[in-house]
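The following block contains the structure, expressed as structure tokens.
It should be emphasised that the depicted structure is a prediction, and the values quoted were computed from it without experimental measurement. First listed ligand is number 1; within each ligand, the first listed atom is number 1. Throughout, residue positions are numbered sequentially from 1 according to the sequence presented.
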Amino acid sequence: MAVDNFEEKINPVRNKPLKVAVDESLTEKISNGINILEKEAKEAINQTLDLSQLERIRIKYLGRKGEFNNLIKELPKMSEESKAHIGRRLNSVRNDLETLIDERLHKLKDEIIEEKLRSEGVDVSMPGRGLSLGHLHPLTKVERRIEDIFQSMGFSIVMGFSIVFGPEIESEYYNFNALNIPQNHPARDMQDTFWLRQKISNLKSQISNSKNRLLLRTHTSPMQVRYMEKNNPPFRIIVPGRVYRYEATDASHEIQFHQIESLMVDKNISLANLKAVFEEFFKKFFENKKVEVRFRPGYFPFVEPGIEVDIRLGSNPKWLEVAGAGMVHPKVFEAAGYVPSDWQGFAFGMGLERLTMLCYGINDIRLFYSSDFRFLKQF
Ligand code: DAH
């Protein structure tokens with residue numbers, strides 16, 4: 001100390017400039033360092049793309065062991081004047097950088113929110129999604145068309161065919177016996193069906209009374225007697241409905257299908273009336289495409305004579321069987337409580353699936369019941 005003082009005293013001029021020179025170069029170095037770091041940090045901040053990168057930059061420059069704190073460590077080596085100057089500069093750069101980081105942080109957060117809104121948000125200006133309404137099944141559509149045609153047939157709407165419906169769970173009596181198909185008649189074999197199990201306590205009376213044995217109807221013909229029991233001629237009706245058969249399924253057979261039954265009773269009905277009705281119906285159904293109708297003899301216990309009805313479309317050489325028909329059998333009139341000699345009538349039964357398949361060119365009956373949208377959406 002004494003030596004230093006002495007040195008200072010004897011050579012004040014030499015000592016002073018020396019000390020200042022050291023200080024100045026450090027100050028300059030630090031000052032440049034600050035400028036470089038400031039520039040570097042600002043660039044880095046402006047280029048950050050996500051929050052974690054920004055945080056890494058903050059730690060690198062402004063953290064406790066960061067670049068600027070390293071510079072602060074140099075301060076004590078400087079003159080009071082430089083210390084104050086560099087100190088202020090450091091503070092102001094720190095503040096600038098903190099503000100910049102803050103701004104960048106908000107910007108990045110906004111961008112994240114915007115991106116989220118863009119990807120997950122609801123654009124209220126977009127047109128609404130249309131509700132897809134279902135539509136009628138092709139069988140229902142064709143059934144309704146057929147009903148319309150028959151209803152419109154006649155001299156006036158009132159004279160058109162009435163539409164009536166019957167039960168799908170039917171008694172053995174109406175399904176068979178009343179239609180002249182007694183217990184052991186071979187015609188029953190062709191219409192094997194699903195019998196319903198009934199309570200044991202009812203069994204005795206069921207065996208003795210076939211009106212009570214229940215089954216899923218095999219055809220719509222049971223409605224003939226049911227209707228005649230309650231109505232007096234003249235009348236003309238059609239009976240659309242679902243029927244059941246116990247059989248193996250394939251492209252043209254199903255265990256459930258639909259028929260359109262018809263019955264027309266009056267004093268003077270003949271096969272000529274039946275033929276006229278068929279010709280008129282098919283002309284309307286196939287919309288004036290050329291249709292020929294052919295009758296062939298056929299056997300059904302509830303009609304006499306019985307016929308099979310074929311049609312031929314356009315220039316197609318093939319006849320297609322579309323219905324069974326005939327003149328109502330006296331025994332059926334009798335079962336209904338009519339005096340057979342008083343009345344004449346025709347009856348027929350058509351397959352709805354057959355006509356629908358012809359109408360739309362469908363080649364497999366099983367498609368109707370598959371509930372396959374690829375099929376159903378086409379109608
Ligand atoms: N019910 C018959 C069947 O399912 C079809 C039929 C034939 C109905 C002749 C009739 C008819 O009304 O007269 O095979």
Of all the atoms in ligand 1, which lie at a distance below 4.0 Å from a heavy atom belonging to Gln259?
->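 Atoms satisfying the 4.0 Å criterion: 3 (C), 4 (O).
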
May I ask you to identify, for Phe300, whether its side chain, its backbone, both or neither come under 4.0 Å of ligand 1 on a heavy-atom basis?
->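 For Phe300, only side-chain atoms sit under 4.0 Å from ligand 1.
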
Residue pair Thr356, Phe368: steps toward the side chain to side chain contact (heavy atoms under 4.5 Å, CB included) verdict = CA-CA 10 Å; Thr356 310; Phe368 288 124; 3.8 Å; yes

Look at ligand 1 and say whether Arg245 reaches it with a heavy atom at a distance under 4.0 Å.
->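 Yes, Arg245 has a heavy atom closer than 4.0 Å to ligand 1.
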
Atom NZ of Lys267 with >12 non-hydrogen neighbours under 6.0 angstrom |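 Yes, because the 6.0 Å sphere around NZ of Lys267 holds more than 12 heavy atoms from other groups.
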
Using non-hydrogen atoms of the residue, decide whether Met190 is closer than 4.0 angstrom to ligand 1.
->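 So Met190 does not count as touching ligand 1.
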
Close N or O approach (Ser262, ligand 1; < 3.5 Å) |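 There is no such contact.
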
Taking the side chain as every heavy atom from C-beta outward, state whether Asp250 and Ile365 have any pair of such atoms under 4.5 Å apart.
->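 They are not in side-chain contact.
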
Ring centres under 6.0 angstrom apart (Tyr244, Phe257) |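 So the answer is no for these two rings.
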
For the student: nearest non-hydrogen atoms of Asp192 and Thr218, plus distance =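 Heavy atoms of Asp192 and Thr218 come nearest at O-CG2, 4.4 Å.
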
Considering only the protein, which heavy-atom contact is closest to atom 12 (O) of ligand 1, and what is its distance?
->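 Ranking protein heavy atoms by distance from atom 12 (O) of ligand 1, first comes Glu261 OE2, 2.7 Å.
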
Any cation-pi pair here, Arg94 with Phe68, using under 6.0 Å and within 45°?
->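 No, Arg94 does not sit over the ring of Phe68.
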
What residue and heavy atom of the protein are closest to atom 8 (C) of ligand 1, and at what distance?
->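 Sorting protein heavy atoms by distance from atom 8 (C) of ligand 1 puts Gly349 N, 3.4 Å first.
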
Flag if over 12 foreign heavy atoms under 6.0 Å of CZ, Arg242 |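 Correct, the count exceeds 12.
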
Partners of Phe281 by ring-ring contact (aromatic ring centres under 6.0 Å, His included), sequence neighbours excluded?
->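 With neighbours one apart ignored, the set is Phe150, Phe285.
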
In terms of atom number and element, which parts of ligand 1 are under 4.0 angstrom from non-hydrogen atoms of Gln224?
->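 With Gln224 as reference, the close atoms of ligand 1 come out as 12 (O).
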
Report the part of Phe302 in contact with ligand 1, treating N, CA, C, O as backbone and CB onward as side chain, heavy atoms under 4.0 Å; options are side chain, backbone, both, neither.
->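 Just the side chain.
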
Taking the minimum heavy-atom distance to atom 7 (C) of ligand 1, which of Pro222, Gly351, Ala347, Gly324 ranks first?
->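 Ranked by closest heavy atom to atom 7 (C) of ligand 1, first place is Gly324.
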
Which of the atoms of ligand 1 are close to Gly326, meaning less than 4.0 Å from one of its heavy atoms?
->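 That gives atoms 13 (O) of ligand 1.
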
Counting both backbone and side chain atoms, is some N or O of Thr218 under 3.5 Å from an N or O of ligand 1?
->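 Not met; the criterion fails.
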
Name all residues meeting the ring-ring contact (aromatic ring centres under 6.0 Å, His included) criterion together with Phe295; count only those two or more places apart in sequence or in a different chain, and write none if there are none.
->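 If we apply the ring-ring contact (aromatic ring centres under 6.0 Å, His included) test to Phe295, skipping adjacent residues, there are no hits.
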
Taking heavy atoms and a distance under 4.0 Å, where does Ala325 meet ligand 1: side chain, backbone, both or neither?
->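 Backbone only.
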
Considering all heavy atoms of both residues, which atom of Leu274 and which atom of Gly326 are nearest to each other, and what is their separation?
->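 Answer, listing the atom of Leu274 first, then Gly326: CD2-N, 4.2 Å.
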
In terms of residue, atom name and distance, what is the protein heavy atom nearest to atom 14 (O) of ligand 1?
->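 Here the closest protein heavy atom is Gln191 NE2, 3.6 Å.
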
Which ligand 1 atoms, with their elements, are less than 4.0 angstrom from a heavy-atom of His219?
->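 Near His219, the atoms of ligand 1 are 1 (N), 2 (C), 4 (O).
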
